[in-house]
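Along the sequence shown, residues are numbered consecutively beginning with 1.
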Amino acid sequence: MNKLLIVGTVAFDAIETPFGKTDKILGGAATYIGLSASFFNVQSAIVSVIGDDFPQEYLNLLTSRNIDISGLEIVKGGKTFFWSGRYHNDLNSRDTLDTQLNVLADFQPKVPQDYKNADIVMLGNLHPLVQSSVLDQMETQPKLTVLDTMNFWMDCALPELLDVIKRVDVITINDEEARQLSGEYSLVKAAAKIHTMGPKYVVIKKGEHGALIFHNKEVFFAPALPLEEVFDPTGAGDTFAGGFAGYLTQSENISFENMKNAIIQGSNLASFCVEKFGTERMVDLDKTEVVSRLQQFKSLTQFDIEL
Ligand code: AMP
């Protein structure tokens, strides 16, 4: 089985949406990526850090999905990364209310020996120096490196972020962040500028408006499934990235053609994530639902015009 190495936060989140409010629940970029990638036939491991305030029940959930957590450091007496956010009525935008790095502030990641030859490395959202350090520890060149990040790191660690962006094959970011990173409003110009920063493939996530993947002059679009109900978009971007990376790891084909399928897989999994609060929907999701919704994606976009 092919190996996927995942880096990112494992966190407590407190979320407010127009439909309700949660106390501290399980969250974090690596958590969502890992749960999403677990729908593919891959061996995956998370490199991250938590405090000893993190419930065993959450760790059990990760291991029950066959996620190796030997690279998940537990700091004695430490507090787990905490993020809190409030969504606006359109659910497409949100304000971060609080980010407490806690144990993440001094984290020195250690890649498990077994994963130093991982096929694909998914650098999820966390400090860009941690993302770089993980790349430094790889003993063989991964077939593909994918990086996800957010405005928080553009605001507080831009030089370090630009250094790691230079080293990866694919970047996945949302539209607002692509604009912030490139200084361009047009997403086509933004993608072209981000190409010059290093990544050969630029994926721009547009929430309920789908996702675009750019490669040189080529572009492909995956819609988001029109859903009757969206409760909480938290983690949708990470779930998308986990589906993208998980599918490519399983299929061993990293051509642009196959990346088109990968962004459909990512969009498909993300469409489930938003249906309940936090990780709830990803936890009760089963594979048959995933496959049947892929069919809906196909019908949504298939047409037969004679040219
Ligand atoms: P998404 O909605 O895909 O952007 O991901 C939300 C997840 O990202 C939440 O579970 C948070 O714990 C996590 N998160 C929020 N801010 C940060 C940050 N600055 N660095 C890393 N992870 C973060």
Side-chain angles (χ1 to χ4, degrees), residues 1-10 28-49 62-63 65-73 107-149 153 160-173 194-195 197-203 213 215-216 238 240-263 265-266:
M1 221 187 291
N2 295 324
K3 291 185 203 168
L4 172 66
L5 179 63
I6 299 164
V7 188
T9 42
V10 172
T31 308
Y32 284 103
I33 294 169
L35 290 175
S36 181
S38 73
F39 287 92
F40 299 94
N41 213 9
V42 298
Q43 245 179 284
S44 68
I46 286 180
V47 170
S48 192
V49 64
L62 296 175
T63 48
R65 306 308 275 261
N66 280 328
I67 302 168
D68 181 329
I69 55 166
S70 58
L72 178 58
E73 186 187 333
F107 177 46
Q108 309 279 341
K110 278 179 212 70
V111 176
Q113 188 57 40
D114 268 3
Y115 280 82
K116 290 188 175 171
N117 63 354
D119 300 278
I120 293 192
V121 176
M122 175 69 236
L123 300 173
N125 192 10
L126 86 186
H127 198 297
L129 285 180
V130 174
Q131 294 176 317
S132 279
S133 160
V134 165
L135 290 182
D136 294 339
Q137 293 173 52
M138 298 308 287
E139 287 177 355
T140 57
Q141 179 63 33
K143 295 189 186 103
L144 194 77
T145 50
V146 185
L147 176 139
D148 188 68
T149 189
W153 303 110
E160 295 89 338
L161 179 61
L162 291 174
D163 278 344
V164 67
I165 287 177
K166 236 184 257 164
R167 302 175 63 185
V168 299
D169 303 305
V170 186
I171 182 170
T172 69
I173 45 175
I194 297 169
H195 273 319
M197 297 175 183
K200 295 188 282 292
Y201 303 93
V202 177
V203 177
I213 180 164
H215 174 53
N216 300 325
D238 305 311
F240 172 93
F244 177 83
Y247 171 74
L248 291 174
T249 308
Q250 172 187 279
S251 66
E252 292 185 18
N253 172 352
I254 53 163
S255 65
F256 183 58
E257 279 314 301
N258 201 39
M259 284 190 194
K260 295 178 182 176
N261 295 329
I263 69 167
Q265 295 277 2

Taking all atoms of both residues into account, what is the closest heavy-atom pair of [X] and [Y], and its distance?
X: M259; Y: I254; result: CE-O, 3.5 Å
X: S48; Y: G8; result: OG-O, 2.6 Å
X: A262; Y: F244; result: CB-CD1, 3.4 Å
X: P199; Y: I171; result: CG-CG2, 3.7 Å

[X] vs [Y] side-chain heavy atoms within contact, under 4.5 Å:
X: W153; Y: N125; value: yes
X: L161; Y: M197; value: no
X: Q137; Y: P109; value: yes
X: I263; Y: F240; value: yes
X: L5; Y: M138; value: yes
X: V47; Y: P112; value: yes
X: I213; Y: V170; value: no

Applying salt bridge (charged side-chain N to carboxylate O under 4.0 Å, His left out), name anything that partners [X], two or more places apart in sequence or on another chain.
X: R65; answer: none
X: K116; answer: none
X: D68; answer: none
X: D114; answer: none

For [X], enumerate each residue passing the side-chain contact (heavy atoms from CB on, under 4.5 Å) test, keeping only those at least two apart in sequence or located in another chain.
X: K260; result: F220, F256, E257
X: A30; result: I6, V10, I46
X: K110; result: E73
X: L129; result: H127, E160

Under the rule for side-chain hydrogen bond (donor to acceptor under 3.5 Å, both in side chains), what residues qualify as partners of [X], not counting sequence neighbours?
X: Q141; result: none
X: E139; result: Q113
X: D148; result: T172, K205

Could you state the interatomic distance from [atom1] ([X]) to [atom2] ([Y]), rounded to the nearest 0.5 Å?
X: L4; Y: I33; atom1: CG; atom2: CD1; answer: 8.5 Å
X: L123; Y: L135; atom1: CG; atom2: CG; answer: 5.0 Å
X: R167; Y: L147; atom1: CZ; atom2: CG; answer: 11.0 Å
X: L62; Y: L72; atom1: CG; atom2: CG; answer: 7.5 Å
X: I120; Y: N2; atom1: CD1; atom2: CG; answer: 8.0 Å
X: I69; Y: S44; atom1: CD1; atom2: OG; answer: 11.5 Å

Candidate pair M122 and T249, rule side chain to side chain contact (heavy atoms under 4.5 Å, CB included), full reasoning: CA-CA 10 Å; M122 175 69 236; T249 308; over 6 Å; no
Sequence neighbours excluded - side-chain hydrogen bond (donor to acceptor under 3.5 Å, both in side chains) pairs with any residue from residues 28-40: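 Those involving residues 28-40 do not exist here.
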Donor-acceptor pair between N258 and S251 side chains, under 3.5 angstrom: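 Checked: N258/S251 side chains pair up, N/O donor to acceptor below 3.5 Å.
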N-O pairing of D169 and K200 below 4.0 Å: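 Here D169 pairs with K200 in a salt bridge, since their nearest N and O are under 4.0 Å apart.
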Whether H195 and H215 hold their rings parallel, tilted or perpendicular, with breakpoints at 30° and 60°: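 H195 vs H215 ring planes: perpendicular.
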Step-by-step side chain to side chain contact (heavy atoms under 4.5 Å, CB included) determination, N253 to N261: CA-CA 11 Å; N253 172 352; N261 295 329; over 6 Å; no
